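Okay, structure first, notes after.
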Amino acid sequence: MTIPELYKKKAEGRKITMLTAYDFPFAQMADEAGMDIILVGDSLGVVVQGWANTLPVTMEEMLYHTGMVARAAKNAMVVGDMPFMSYQVSVEDGIRNAGDFLKAGAAAVKLEGGSSVAGLISALSRYDIPVMAHIGLTPQSVHRMGGFKVQGKDGAQAEKLLSDAKAVEEAGAFSVVLEGIPRQAAKKITESISIPTIGIGAGPDCDGQVLVMHDMLGMFDRFTPKFVKRYANIKETAIGAIKKYKEEVESGEFPSDEQSFH
Ligand code: KIV
């Protein structure tokens with residue numbers, strides 16, 4: 001999957017599919033299932049590391065996970081998510097850290113913010129580092145938002161979202177994630193900009209959709225946002241299998257002669 005192909009999909013009205021993954025086996029599954037984009041999201045701070053939000057995640061950790069995912073992805077585009085404080089301090093910092101994602105195997109980076117990060121997006125685009133922007137409910141702004149709350153609910157906020165979307169497009173972003181915003185606002189943005197919009201909790205009118213793998217496969221149940229649809233219950237399946245293993249070890253049924261050397 002390439003950026004020109006993503007533009008073509010938007011132009012032809014074909015939906016773009018994106019899913020997070022954080023390691024080799026799950027990235028391989030996403031790739032084999034035909035995802036267009038695999039996002040190595042900083043959501044790994046919550047669903048893999050067990051933090052309450054994404055703020056503690058470091059560049060070192062993100063590069064470690066990006067390498068694993070990049071080694072698994074044969075067709076999907078790999079996007080590395082820039083963690084908190086890897087691009088906020090200076091444009092120089094942002095360029096260096098974004099470059100490290102590409103060295104680790106990503107084809108693009110994602111960063112949160114609208115007009116406030118337009119300068120950085122322009123600089124990265126000048127050096128051919130493709131940027132996916134992310135506006136609306138931006139998890140790195142959890143403290144400003146007072147929690148993970150839907151954004152853009154009133155007219156003025158919706159207008160600000162639209163101007164942010166236009167700002168990141170103008171700055172050179174190749175796509176933009178719209179998270180946690182009313183579907184009407186997402187539809188208006190999608191119709192108003194030429195780059196693909198990828199929605200998560202933004203309704204069905206975006207050019208594509210993204211979910212966190214651990215949410216949609218039922219591997220994370222500390223909280224489940226309203227916008228998540230669960231397509232499997234891997235946690236239940238895994239606990240069942242582990243319990244069976246425990247029972248068989250305790251009863252002496254495992255290992256049998258079949259699993260023994262002679
Ligand atoms: O970190 C992440 O997984 C994300 C997606 C939810 C868009 O930013």
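Keep in mind it's a predicted model, so treat the numbers as computed, not measured. For reference, positions follow the sequence shown, starting with 1. Heavy atoms only: backbone and side chains are in, while hydrogens, waters and symmetry mates are out.
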Practice item. Spell out, yes or no, whether Val142 and Val177 are grouped together once hydrophobic residues are joined by side-chain heavy atoms under 4.5 Å, including indirect joins. Key: no
Study note, to complete from the structure: Value for CG (Leu19) from CE (Met213), rounded to nearest 0.5 Å, stands at 4.5 Å
Review point. Does Tyr7 have any side-chain contact (heavy atoms from CB on, under 4.5 Å) partners at least two apart in sequence or in another chain, and if so, which?
Key: Ile3, Phe174, Ile195, Pro196
Point to revise | CZ/Arg96: more than 12 non-hydrogen atoms of other groups inside 6.0 Å | key: no
Review point. Ignoring hydrogens and geometry, is there a side-chain-to-backbone donor-acceptor pair from Asp81 to Val40 under 3.5 Å?
Key: no
Practice item. State whether the side chain of Thr17 and the backbone N or O of Met35 hold a donor-acceptor pair below 3.5 Å, judged by distance alone. Key: no
Review point. Does Ser163 reach the main-chain N or O of Lys160 with its side chain, forming a donor-acceptor pair under 3.5 Å?
Key: yes
Check your understanding: Between the side chain of Asp164 and the main-chain N/O of Ser115, is any donor-acceptor distance below 3.5 Å?
Key -> yes
Check your understanding: How about Leu162 and Ser192: do any of their side-chain heavy atoms sit closer than 4.5 Å?
Key -> yes
Please report, to 0.1 Å, the donor-acceptor pairs under 3.5 Å made by any side chain of residues 166-173, with sequence neighbours excluded.
| unit_1 | atom_1 | unit_2 | atom_2 | d |
| --- | --- | --- | --- | --- |
| Glu169 | OE2 | Ser194 | N | 2.7 |
| Glu169 | OE2 | Ser194 | OG | 2.4 |

Check your understanding: Just by distance, do the side chain of Thr237 and the backbone of Asn233 share a donor-acceptor pair under 3.5 Å?
Key -> yes
Exercise for review: Would you mind reporting whether Met29 and Phe26 have side-chain heavy atoms less than 4.5 Å apart?
Suggested key: yes
Exercise for review: Using salt bridge (Lys or Arg N to Asp or Glu O under 4.0 Å) as the criterion, list what pairs up with Asp221, not counting sequence neighbours.
Suggested key: Lys235
Check your understanding: Among the clusters formed by ILVMFWY side chains lying less than 4.5 Å apart, do Met62 and Leu55 turn up in the same one?
Key -> no
**Study point:** Under 3.5 Å donor-acceptor, Gln151 side chain and Lys149 backbone
**Key:** yes
Check your understanding: Considering only heavy atoms from C-beta outward, does the side chain of Ser175 approach that of Lys10 to under 4.5 Å?
Key -> no
Check your understanding: Going only through I, L, V, M, F, W and Y residues with side-chain contacts under 4.5 Å, is there a path from Val91 to Met85?
Key -> no
Point to revise | Min side-chain heavy-atom separation Ile198-Lys110 under 4.5 Å | key: no
Point to revise | Linked, directly or transitively: Met18 and Met219 (ILVMFWY side chains, under 4.5 Å) | key: yes
Check your understanding: In chain order, what residues pass the side-chain contact (heavy atoms from CB on, under 4.5 Å) check against Asp100, with sequence neighbours excluded?
Key -> Met59, Leu63, Asn97, Lys103
Review point. Does Phe101 reach the side chain of Val78, with side-chain heavy atoms less than 4.5 Å apart?
Key: no
**Study point:** Common cluster, Ile200/Met145, ILVMFWY with side-chain heavy-atom separation under 4.5 Å
**Key:** no
**Study point:** Residues which pass side-chain contact (heavy atoms from CB on, under 4.5 Å) with Val46, listed by chain and number, not counting sequence neighbours
**Key:** Thr54, Phe220, Arg222, Phe223
Practice item. For the pair Asp36 (side chain) and Ile16 (backbone), establish whether a donor and an acceptor sit closer than 3.5 Å, ignoring hydrogens and angles. Key: no
Revision key, fill the gap. When rounded to the nearest 0.5 Å, the distance separating OG1 of Thr58 from CG of Asp42 is 11.0 Å
Review point. Counting heavy atoms not belonging to Phe227, are there more than 12 under 6.0 Å from its CZ?
Key: yes
Check your understanding: Is the closest side-chain heavy-atom distance between Asp215 and Thr224 below 4.5 Å?
Key -> no
Review point. With a 4.5 Å heavy-atom cut-off, do Gln49 and Val57 have their side chains touching?
Key: yes
Practice item. Write down the atom of Leu120, the atom of Ile95, and the distance for their closest heavy-atom approach. Key: CD1-N, 4.2 Å
Review point. Do Lys187 and Glu191 sit within salt-bridge range, that is, some charged N less than 4.0 Å from a carboxylate O?
Key: yes
Exercise for review: Can you establish whether the number of heavy atoms outside Gln259 located under 6.0 Å from its atom CD is more than 12?
Suggested key: yes
Review point. Do the side chains of Asp205 and Thr190 get nearer than 4.5 Å, heavy atoms only?
Key: no
Exercise for review: Answer yes or no: is there an ion pair linking Lys9 with Glu5, defined by an N-O contact shorter than 4.0 Å?
Suggested key: no
Point to revise | Audit row: Leu44, His214, side chain to side chain contact (heavy atoms under 4.5 Å, CB included) steps and yes/no | key: CA-CA 9 Å; Leu44 68 83; His214 288 51; over 6 Å; no
Check your understanding: Can you check whether Tyr245's main-chain N or O pairs, donor with acceptor, with Glu250's side chain at less than 3.5 Å?
Key -> no
Check your understanding: What residues, two or more places apart in sequence or in another chain, satisfy side-chain contact (heavy atoms from CB on, under 4.5 Å) together with Ser90?
Key -> Glu92, Asp93
Check your understanding: Do Tyr87 side-chain atoms and Glu112 backbone N/O form a donor-acceptor pair below 3.5 Å?
Key -> yes
